[in-house]
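Naming convention: chains lettered A, B, ... in sequence-line order (proteins, then strands); numbering from 1 in each chain. What you see is a predicted model; the values in this text were computed from it and never measured.
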2 protein chains.
Amino acid sequence: MPNPISREEKQKLLEEIKESLKNRGFKTTEARQKLISYLIDYGRHFEIEDLVVWIRERCRDYKNCPSRPTVYRTVKLLEELGYVKPVLKQGNRTVYEFLPVKGEHYHLLCLSCGKLVEFEAPQIGDMVKGIAQREGFKYLHHHLEVCGICPECLQKEERKEN
Amino acid sequence: MPNPISREEKQKLLEEIKESLKNRGFKTTEARQKLISYLIDYGRHFEIEDLVVWIRERCRDYKNCPSRPTVYRTVKLLEELGYVKPVLKQGNRTVYEFLPVKGEHYHLLCLSCGKLVEFEAPQIGDMVKGIAQREGFKYLHHHLEVCGICPECLQKEERKEN
DNA sequence: GTAACTGCAAAGACTTTGCAATCCC
DNA sequence: GGGATTGCAAAGTCTTTGCAGTTAC
């Protein structure tokens with residue numbers, strides 16, 4: 001599921017991130033720009049190993065495709081800048097989310113096929129902040145994940161049983 | 001933070017888990033019993049690598065201390081039986097929870113010292129189940145984690161600044 | 001007795017790091 | 001020019017697996 005984003009929006013986002021890098025004293029190298037560009041195309045959720053493969057497949061057209069360590073390092077960097085966030089771990093892998101300006105939301109995960117559905121529920125955010133406060137914590141962020149079986153997989157299961 | 005549990009309660013729990021193993025056709029081997037016993041002593045939250053070390057330290061008194069692969073395998077087994085649940089990943093490690101009969105609850109995690117505080121909020125469970133249903137999912141379970149800085153660490157930070 | 005289980009060592013998978021070469025400012 | 005960044009190869013972690021020997025039932 002590639003990011004549904006227009007050419008202009010993509011360009012604007014790229015510029016924004018480059019700006020952000022500069023502001024924090026990081027260099028806007030070719031490898032980083034390429035990675036970010038790929039990331040924008042790739043979609044909202046990604047795992048680094050998948051991303052590495054995906055970039056490689058597309059890199060016949062390009063030279064200097066960002067190497068695995070660069071991908072890891074750049075993703076970590078983008079996390080620092082707030083553009084990327086680890087949302088869950090599946091097996092050994094970290095699933096990240098690329099969040100160019102999007103509100104608080106949660107994930108409904110299908111344990112059968114891995115599909116992620118996003119949903120919002122601001123009440124939960126409020127509740128959770130209240131609880132943190134009650135316990136004397138400084139609230140930073142929270143993370144909710146709901147696991148189940150998606151409608152498609154449920155149907156498949158039914159068919160199997162018949 | 002070891003599990004606050006009396007000698008009798010521990011014995012009872014051990015028996016229950018052994019029973020559960022038998023019922024599912026698994027053997028109650030010495031290694032498994034030892035591991036479970038250690039697990040009960042260890043506390044509510046654990047990481048396997050820590051547990052391995054912890055057990056080893058205590059194993060001078062015992063022979064046949066369960067090996068690393070056995071710990072991994074037994075924890076996975078206990079997860080199948082529903083006694084143990086992975087609750088979060090910190091870096092590469094999986095943090096498990098040992099849950100002998102305890103209701104739905106959540107975690108408040110201090111990002112500075114790693115302390116976990118548990119809290120309950122049944123409304124969240126209800127809400128989340130409703131959302132799953134709305135999306136056509138069969139609900140299985142959910143997981144909420146709130147991150148912040150605990151009161152103690154906040155104080156330390158303040159002291160540093162002065 | 002035999003299938004399940006264990007421990008060991010080794011392999012796997014994801015992630016990080018040391019270092020020489022390269023690139024950005 | 002000089003420090004940041006890259007790519008490579010190698011190392012680090014956590015976790016899993018193959019297999020020969022052992023154990024529970």
Side-chain angles (χ1 to χ4, degrees), chain A residues 14 17-38 45-56 59 62-81 84-96, chain B residues 14-15 17-38 45-56 59 62-81 84-96 114:
Chain A
L14 247 170
I17 299 180
K18 278 162 68 176
E19 201 51 38
S20 180
L21 279 168
K22 274 186 204 161
N23 289 342
R24 294 276 299 266
F26 298 111
K27 291 182 175 168
T28 55
T29 63
E30 204 180 335
R32 280 179 185 162
Q33 292 187 54
K34 268 186 186 149
L35 174 58
I36 296 167
S37 167
Y38 278 121
H45 299 104
F46 64 94
E47 298 170 25
I48 292 188
E49 289 298 318
D50 288 347
L51 191 60
V52 168
V53 171
W54 194 78
I55 289 177
R56 271 194 199 147
C59 259
Y62 298 82
K63 299 177 224 167
N64 304 324
C65 116
S67 67
R68 172 174 283 114
T70 295
V71 175
Y72 275 94
R73 290 190 271 231
T74 306
V75 168
K76 185 162 275 185
L77 189 54
L78 290 174
E79 193 185 334
E80 257 187 74
L81 298 181
V84 145
K85 188 176 74 168
V87 288
L88 60 101
K89 298 248 185 174
Q90 305 216 60
N92 286 324
R93 292 185 173 192
T94 305
V95 179
Y96 289 89
Chain B
L14 247 170
E15 288 307 322
I17 299 180
K18 277 163 66 176
E19 202 52 36
S20 179
L21 279 169
K22 276 186 204 162
N23 290 342
R24 294 277 299 267
F26 298 112
K27 292 185 176 166
T28 55
T29 63
E30 205 181 331
R32 281 178 184 163
Q33 292 188 53
K34 268 185 186 149
L35 174 58
I36 296 166
S37 166
Y38 279 121
H45 299 103
F46 64 95
E47 298 170 25
I48 293 189
E49 288 299 319
D50 288 347
L51 191 60
V52 169
V53 171
W54 193 76
I55 289 179
R56 273 195 196 145
C59 261
Y62 298 81
K63 299 177 223 165
N64 305 325
C65 115
S67 67
R68 171 175 284 112
T70 295
V71 175
Y72 275 95
R73 289 190 272 231
T74 306
V75 168
K76 186 161 274 185
L77 189 53
L78 291 174
E79 192 184 335
E80 257 187 75
L81 297 180
V84 145
K85 188 177 75 168
V87 288
L88 61 100
K89 299 248 185 176
Q90 306 215 61
N92 285 327
R93 293 185 172 192
T94 305
V95 179
Y96 287 90

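- Atom OH in B:Tyr72 sits about 13 Å away from atom P in D:dT13, given to the nearest Å.
- Heavy-atom nearest nucleotides on DNA chain D were determined for A:Arg68 and for B:Arg68, and the one closer to the 5' end corresponds to A:Arg68.
- In this structure, CD1 on A:Ile48 lies 9.5 Å from OG1 on A:Thr74, to the nearest 0.5 angstrom.
- A:Thr28 meets the side-chain contact (heavy atoms from CB on, under 4.5 Å) test with A:Lys18, A:Leu21, A:Lys22, A:Gln33; sequence neighbours excluded.
- Each of A:Thr29 and B:Thr29 was assigned the nucleotide of DNA chain C with the nearest heavy atom; the assignment lying further toward the 5' end belongs to B:Thr29.
- With rounding to the nearest 0.5 Å, the separation of CZ in A:Arg68 from CG in A:Leu51 is 11.0 Å.
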Legend entry - Annotated protein contacts, base or backbone, on nucleotides 8-13 of chain C with a non-hydrogen cut-off under 4.0 Å, one of B, S, - each: BB----
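- Remark: B:Lys76 engages no residue in a side-chain contact (heavy atoms from CB on, under 4.5 Å) (not counting sequence neighbours).
- A sub-4.0 Å separation between OP1 or OP2 of C:dT16 and a side-chain N or O of A:Lys76 is present.
- Closest approach of B:Val71 to B:Pro66, counting heavy atoms only: CG2-O, 4.1 Å.
- A straight line from CD1 of A:Ile55 to C1' of D:dT6 spans 14 Å, rounded to a whole angstrom.
- What separates CG of A:Leu51 from P of C:dT15 is a distance of 11 Å, to the nearest Å.
- Between the NZ atom of B:Lys27 and the P atom of D:dA24 there is a distance of 9 Å, rounded to whole Å.
- Within 4.0 Å (heavy atoms only), A:Arg32 reaches sugar-phosphate atoms of the nucleic acid but no base atom.
- Taking A:Glu79 as the reference, nothing meets the salt bridge (charged side-chain N to carboxylate O under 4.0 Å, His left out) condition, with sequence neighbours excluded.
- Closest non-hydrogen pair, A:Val75 versus A:Phe46, comes out as CG2-CE1, 4.1 Å.
- Atom NZ in A:Lys22 sits roughly 16 Å away from atom C1' in D:dT5 (whole-Å rounding).
- Atom P of nucleotide D:dA24 and atom CD of B:Gln33 are separated by 9 Å, given to the nearest angstrom.
- Side-chain contact between A:Cys65 and A:Arg56 is present, with at least one heavy-atom pair separated by less than 4.5 Å.
- Here B:Lys89 lies out of heavy-atom contact (under 4.0 Å) with every strand.
- Contact annotation: A:Thr28 does not reach the phosphate of C:dC24 (side-chain N/O to OP1 or OP2, under 4.0 Å).
- Comparing the end axes of the helix from C:dG1-D:dC25 to C:dC25-D:dG1, each fitted to five base pairs by superposing C1' atoms of four pairs onto the next four, gives an inter-axis angle of 30° (nearest 10 degrees).
- Taking atom CD on B:Glu30 and atom P on D:dA24, their separation rounds to 7 Å, with Å as the unit.
- Within the structure, salt bridge (Lys or Arg N to Asp or Glu O under 4.0 Å) pairs that include any residue of residues 84-95 of chain A comprise A:Glu47-A:Arg93, A:Asp50-A:Arg93 (at least two apart or interchain).
- Remark: P of D:dA4 and CG of A:Leu21 are 15 Å apart, rounded to the nearest angstrom.
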